[in-house]
Amino acid sequence: MNENFTKRIRNKDLLDKVMSADEAAKFINPGMTLGVSGFTIAGYPKKIGASLAKRADAGEKLDLTVYSGASLGDEFDGELTRKGVFKKRIPYQTNTDLRNAINAGKVGYFDMALSELPLWVKNGVLNPIDVAIVEAAAIDEEGNIIPTTSIGVSNTYVEYADKVIIELNTYVPEAIEGIHDVFSPKKVPNTEPIMITKPSDRIGTTYIKCDPSKIVAIIESDIPDNGRSVAAPDDEFRQMANNLIGFLKSEVDAGRLCNPLPPLQAGIGSVTNAVLDGLQASDFQHMTVYSEVLQNSIFELMDSGKIDFACATSLTLSADVRDKFFENFEKYKDKIMLRPQEISNSPEVIRRLGIIAINTVIEADIYGNTNSTYIDGHRLMNGVGGSGDYCQNAGLAIFITKSTAKNGNLSSIVPLVSHIDHTIHETHVIITEQGVADLRGLDPIDRANTIIDNCAHPDFRPALHAYLEEAQESCCNKHKPVNLKAAVEFNKTK
């Protein structure tokens, strides 16, 4: 054991729990349910997956049910999928092999709003947690866990698990201790208000409370998060950013938004990262962030002086930005905070803060329903994630997408989405590189014309208007006419 590792175990009674990943994996029996740390490929266990894979290679049928915060890295989600270890996976994933296995019916999958998962664990709706596996930067004198780059549902898994396995990761600087704010609401009827009125409010502890008697194994690790690179902004991304900035400015000018703006939330991925990056060219100052994920663009906006403070449940950074962040950690330490996703995605707090929620979709229909999870209504992509938590409760719910997909051969604006994640009741604004559709207060026909004229690509506008006209003529209901057959045909032939 190296000195940097052992000194991070400040409760010296726990040193005899240090063991190899192979030894730790023996605490996991076939058919168990695991609660695993990690959120959007940050703060997840990197070593124990390989040990479980070895057992599968040896012929053992593990059939594990795995709950996480959100997506985990390939060392866990990918490796265990390829070895046939998973029975069921909840609540979100982005791994190609896991996605394919789910769509092939080889792995069970339940999609859900991320804020609900901790509550369901507490209330016994889901399986009891047999073993919690949590990545840590350190263990304090009382046996409490200092998280690394995410919290997610780790605090709940540790509280409700029978056993706890810790991967102590020395790649993460020890100085990360202090950026976490861990608060876990009590169950009904003893639930209290979440006393957050601005993103920087601290209401919890800097550690995850853990009964040291639960800790059965501590594994040494020095493997970094396998964060994905993000696509560089292209002209369409830049135009989407310009459209967003113009819309927000018009809202401020009209007195519907304050300046500085209410806190921003942005979903994960290249699209939102690129659009947020465009805010550097705006006149907005002293912005704050209350979100699930802090990604590359957030730190670029901090560097340029645009963002004063940001909180989330995960630091999801590409490798180059991650290492730069660690090297300059003191520069950011007082400007960021990580919380459990029960707090970062809390409907109560989102509504109170009047958050501007910016999320991406696969497609939107002419009435404002959006689809962010299924291709052609049946092929899962990632999951709904936290977009529902935010858009249903935000002060302003914005969905963004390019107007076309597949090199311009498909329209992302369609007569009827093939799967509905967010309905017309939750969608306030749709933005593409073509323009902005503000749908607030519009009846369905006005919504349809506004979306077609402002957000659809010009190549598809005639067909969409033709569909709407035909639906109005053929449908007995003139309020929100739908021609199901024509809508399906459009999706097939667009």
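Partners of K333 according to the salt bridge (Lys or Arg N to Asp or Glu O under 4.0 Å) rule, which considers only residues two or more places apart in sequence or in another chain, do not exist here. Judged as a side chain to side chain contact (heavy atoms under 4.5 Å, CB included), and not counting sequence neighbours, the contacts of N103 are R99, R379, L380. Partners of R447 under the salt bridge (Lys or Arg N to Asp or Glu O under 4.0 Å) rule, at least two apart in sequence or in another chain, do not exist in this structure. Not counting sequence neighbours, the partners of N100 by the side chain to side chain contact (heavy atoms under 4.5 Å, CB included) test are T96. K335 meets the side chain to side chain contact (heavy atoms under 4.5 Å, CB included) test with M302; sequence neighbours excluded. Not counting sequence neighbours, the partners of R82 by the salt bridge (Lys or Arg N to Asp or Glu O under 4.0 Å) test are D74, E79, D97. For the salt bridge (Lys or Arg N to Asp or Glu O under 4.0 Å) test, residues two or more places apart in sequence or in another chain that qualify with D201 are K198. Partners of H422 by ring pair (Phe, Tyr, Trp, His ring centres under 6.0 Å), not counting sequence neighbours, listed by chain and number: F399. Not a single side chain to side chain donor-acceptor pair (under 3.5 Å) links N155 to another residue, sequence neighbours left out. Contacts of A281 classified as side chain to side chain contact (heavy atoms under 4.5 Å, CB included), with partners at least two apart in sequence or in another chain: none.
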Does the side-chain contact (heavy atoms from CB on, under 4.5 Å) test come out yes or no for H465 and D453, once each step is laid out? CA-CA 9 Å; H465 276 302; D453 292 339; 2.7 Å; yes
Going through the distances and angles, do L117 and L126 end up as a side-chain contact (heavy atoms from CB on, under 4.5 Å)? CA-CA 9 Å; L117 179 57; L126 301 174; 3.4 Å; yes
Go through the steps to decide whether L484 and V482 satisfy the test side-chain contact (heavy atoms from CB on, under 4.5 Å), and finish with yes or no. CA-CA 6 Å; L484 211 52; V482 173; 4.2 Å; yes
Test Y92 against I268 for side-chain contact (heavy atoms from CB on, under 4.5 Å), laying out the working first. CA-CA 12 Å; Y92 186 85; I268 186 69; 4.3 Å; yes
Under the salt bridge (charged side-chain N to carboxylate O under 4.0 Å, His left out) criterion, do R440 and E251 qualify, and how do the steps go? CA-CA 12 Å; R440 294 171 295 178; E251 289 295 287; 2.8 Å; yes
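Across A394 and H428, no two heavy atoms sit closer than the pair O-CE1, 3.9 Å. Scanning both residues, D225 and A42, for their nearest heavy atoms gives OD2-CA, 3.5 Å. Taking all atoms of both residues into account, the shortest heavy-atom contact from S291 to S344 is O-CB, 3.6 Å. When all heavy atoms of A456 and L464 are compared, the closest pair comes out as CB-CD1, 3.6 Å. When all heavy atoms of Q285 and K306 are compared, the pair lying nearest together is NE2-NZ, 3.1 Å. Across all their heavy atoms, I350 and D389 have their closest contact at CD1-O, 3.5 Å.
Stacking of K88 on the aromatic ring of Y67 is not recorded, the 6.0 Å distance cut-off and the 45° axial limit not both being met.
Sorted pairs that involve residues 245-296 and meet ring pair (Phe, Tyr, Trp, His ring centres under 6.0 Å), not counting sequence neighbours, are lacking altogether. Judged as a ring pair (Phe, Tyr, Trp, His ring centres under 6.0 Å), the pairs with a partner in residues 316-348 (not counting sequence neighbours) are, in order, F299-F325, F299-Y332, F325-F329, F325-Y332.
Between the side chains of N369 and D365, a donor-acceptor pair is found at a separation under 3.5 Å. Neither side chain, N226 nor E75, offers a donor N or O lying under 3.5 Å from an acceptor on the other. With 3.5 Å as the limit, one finds no donor-acceptor pair spanning the side chains of D376 and S418. The closest side-chain donor-acceptor pair between N243 and Q239 falls under 3.5 angstrom. Checking E433 against S403 by side-chain atom types alone, a donor-acceptor pair falls below 3.5 Å. In the model, E292 has no side-chain atom that pairs as donor or acceptor with a side-chain atom of Y390 under 3.5 Å. A donor and an acceptor atom, one from each side chain of N359 and Q265, are located under 3.5 Å apart.
Judged purely by atom type and a 3.5 angstrom limit, Y467 uses its side chain to pair as donor or acceptor with the backbone of N483. For T432 (side chain) and C455 (main-chain N/O), a donor-acceptor pair under 3.5 Å exists by modelled atom type. Counting only distance, with no hydrogens or angles, the side chain of D421 and the backbone of S372 share a donor-acceptor pair below 3.5 Å. With hydrogens and angles ignored, the 3.5 Å screen pairs no side-chain donor or acceptor of T401 with any backbone N or O of T360. The closest donor-acceptor contact from the side chain of Y109 to the backbone of P91 lies under 3.5 Å. In terms of modelled atom types and a separation under 3.5 Å, the side chain of N371 and the main chain of E363 share no donor-acceptor contact. With H457 contributing its side chain and D459 its backbone, the two residues share a donor-acceptor pair below 3.5 Å.
Shown here is K249, whose NZ atom has no more than 12 heavy atoms of other residues, nucleotides or ligands within 6.0 Å. Heavy-atom neighbours of K402 NZ from other residues, nucleotides or ligands within 6.0 Å: above the threshold of 12. No more than 12 heavy atoms of other residues, nucleotides or ligands sit less than 6.0 Å from atom CG of D283. Other residues, nucleotides and ligands contribute more than 12 heavy atoms inside 6.0 Å of the NZ atom of K331.
A distance of 4.5 Å separates CD in E348 from CD1 in I194, rounded to the nearest 0.5 Å. With rounding to the nearest 0.5 angstrom, the CZ atom of R89 is 8.5 Å from the OG1 atom of T81. Taken from CG in L301 to CG in L294, the straight-line distance is 11.5 Å, to the nearest 0.5 Å. Distance CG/L72 to CG/D77: 4.5 Å, rounded to 0.5 Å. To the nearest 0.5 Å, atom CD1 of residue I430 and atom CD1 of residue I400 are 12.0 Å apart. In this structure, CG on L261 lies 8.5 Å from OG1 on T288, to the nearest 0.5 angstrom.
Using a cut-off of 4.0 Å between Lys/Arg side-chain N and Asp/Glu carboxylate O, E135 and K46 are scored as salt-bridged.
The side-chain hydrogen bond (donor to acceptor under 3.5 Å, both in side chains) test with T40 is passed by exactly one of T149, T316, T94: T316.
Contact annotation: the side chain of F237 never approaches that of D277 to less than 4.5 Å [non-hydrogen atoms, C-beta and beyond].
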